[in-house]
Protein chains: 2
Amino acid sequence: MPEPDGDLILDRLIHEPGRLAILTVLSSVSDADFVFLQRTTGLTKGNLSSHLSKLEDGGLVEIVKSFVRKKPNTNVALTPVGRERIARHWEQLERLRKLAEPSS
Amino acid sequence: MPEPDGDLILDRLIHEPGRLAILTVLSSVSDADFVFLQRTTGLTKGNLSSHLSKLEDGGLVEIVKSFVRKKPNTNVALTPVGRERIARHWEQLERLRKLAEPSS
DNA sequence: GTGAGAGGTTTGCAACGCCAACTAGTTTGA
DNA sequence: TCAAACTAGTTGGCGTTGCAAACCTCTCAC
């Protein structure tokens with residue numbers, strides 16, 4: 001089965017809209033806590049929780065749990081790997097979009 | 001539950017990598033047959049078939065089946081609606097990507 | 001006619017996303 | 001003081017999806 005164009009394979013872990021939103025927010029803030037992410041992405045708690053687990057499993061983010069003012073606090077930040085992979089992902093999308101432009 | 005940014009909701013029908021690839025190819029060629037799409041997208045037949053059905057159900061593409069040199073031939077083209085929706089989708093992605101750029 | 005190949009479609013299943021329900025602890029207030 | 005309400009998440013159940021393998025129908029070469 002012929003590959004389409006070499007490396008135009010989109011990373012599903014990143015591509016999923018919910019996670020893309022999370023990663024996008026994280027790209028611009030260095031780190032964020034659960035509540036902040038929930039507000040900015042519009043995801044439900046459950047959703048956000050499971051997406052974060054997957055991103056952590058994939059090594060894209062680092063999660064640090066602690067207690068802030070006696071309440072549980074989940075802090076999330078991109079790992080260097082995550083930062084690189086999301087950058088690559090945007091490049092892939094850009095490349096794909098270019099293909100779609102009929103030179104017009 | 002607060003909406004994240006109003007209309008930054010990604011269209012899942014379009015966003016799915018396989019279909020994004022199909023739509024991207026179709027954006028640049030006006031119409032294409034099954035085999036051509038399979039080659040350019042790298043999808044398997046089964047996959048391509050089911051994705052095309054979904055795109056058709058969603059009104060994004062028009063599918064015309066006929067016989068070419070006695071063999072079945074499936075021809076696919078974007079509908080005006082499809083063309084518009086994929087354009088909007090790229091806009092949404094662009095907006096999202098902009099959010100990720102920390103002004104650097 | 002028989003085998004190989006083209007051009008797809010259908011099926012079966014694992015993985016995924018999503019919401020609702022639940023857990024664990026804290027604050028409020030009667 | 002003790003229960004109701006709130007904060008901050010996690011887990012479970014379920015429907016949907018994507019994927020590849022198996023299958024189908026027809027054609028052509030021999």
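In what follows, chains are A, B, ... by sequence order, proteins preceding strands, each numbered from 1. Quantities reported herein were computed from a predicted structural model and do not represent experimental measurements.
With rounding to whole Å, A:Leu20 atom CG is found 17 Å from C:dC16 atom C1'. Taking atom CD1 of residue B:Ile22 and atom P of nucleotide D:dG18, one finds them 10 Å apart after rounding to whole Å. Between A:Gln38 atom CD and C:dC18 atom C1' the separation is 14 Å, expressed in whole Å. If you measure from atom NZ of A:Lys65 to atom P of C:dG25, you get 14 Å, rounded to the nearest angstrom. Rounded to an integer number of Å, the gap from CZ of B:Phe36 to P of C:dG8 is 14 Å. In this structure, the CG atom of B:Leu52 is 15 Å from the P atom of C:dG7, given to the nearest Å. Residue A:Leu43 contributes atom CG, which lies 17 Å from atom P of D:dA8 at whole-angstrom precision. Put simply, CG on A:Leu48 is 11 Å from C1' on D:dA8, counting in whole angstrom units.
Linking ILVMFWY side-chain heavy atoms closer than 4.5 Å, directly or via other members, places A:Leu23 and A:Ile63 in a single hydrophobic cluster. Under the 4.5 Å side-chain contact rule for hydrophobic residues, A:Val64 and A:Leu78 do not share a cluster.
As judged by a 4.0 angstrom heavy-atom cut-off over every strand, A:Lys45 is placed among the base-contacting residues. Residue B:Thr74 is in sugar-phosphate contact alone, with no base atom involved, counting any heavy-atom pair closer than 4.0 Å across all strands shown.
Residues A:Leu20 and A:Trp90 form a side-chain contact, since some pair of their non-hydrogen atoms from C-beta on lies under 4.5 Å apart. Inter-residue side-chain proximity for B:Glu16 and A:His15 is flagged as unmet; no heavy-atom pair is nearer than 4.5 Å. With contacts defined as side-chain heavy-atom distances shorter than 4.5 Å, the pair B:Glu84/B:Thr79 does not qualify.
A sub-4.0 Å separation between OP1 or OP2 of D:dT7 and a side-chain N or O of A:Lys70 is absent. One finds a side-chain N or O of B:Arg19 lying less than 4.0 angstrom from the OP1 or OP2 phosphate oxygen of D:dG18. Using a 4.0 Å cut-off, no side-chain N or O of A:Asn47 falls inside it from OP1 or OP2 of C:dG17. Considering only side-chain N and O atoms, A:Lys54 lies nowhere under 4.0 angstrom from the phosphate OP1 or OP2 of D:dT10. For the pair B:Thr44 and D:dA20, the criterion of a side-chain N or O lying under 4.0 Å from OP1 or OP2 is met. Residue B:Asn73 has no polar side-chain atom (N or O) positioned under 4.0 Å from OP1 or OP2 of C:dG7. OP1 or OP2 of D:dC19 lies within a sub-4.0 Å distance of a side-chain N or O belonging to A:Arg12. Using a 4.0 Å cut-off, no side-chain N or O of B:His51 falls inside it from OP1 or OP2 of D:dT17. For D:dG9, neither phosphate oxygen OP1 nor OP2 lies less than 4.0 angstrom from any side-chain nitrogen or oxygen of A:Ser49.
Just one of B:Asn75, B:Asn73, B:Thr74 meets the side-chain hydrogen bond (donor to acceptor under 3.5 Å, both in side chains) condition when paired with B:Lys65; it is B:Thr74.
Looking at which nucleotide of DNA chain C each of B:Phe34 and A:Arg69 is closest to, the 5′-most match is held by B:Phe34. If you find the closest nucleotide of DNA chain C to A:Gly46 and to A:Lys71, the one lying nearer the 5' end belongs to A:Gly46.
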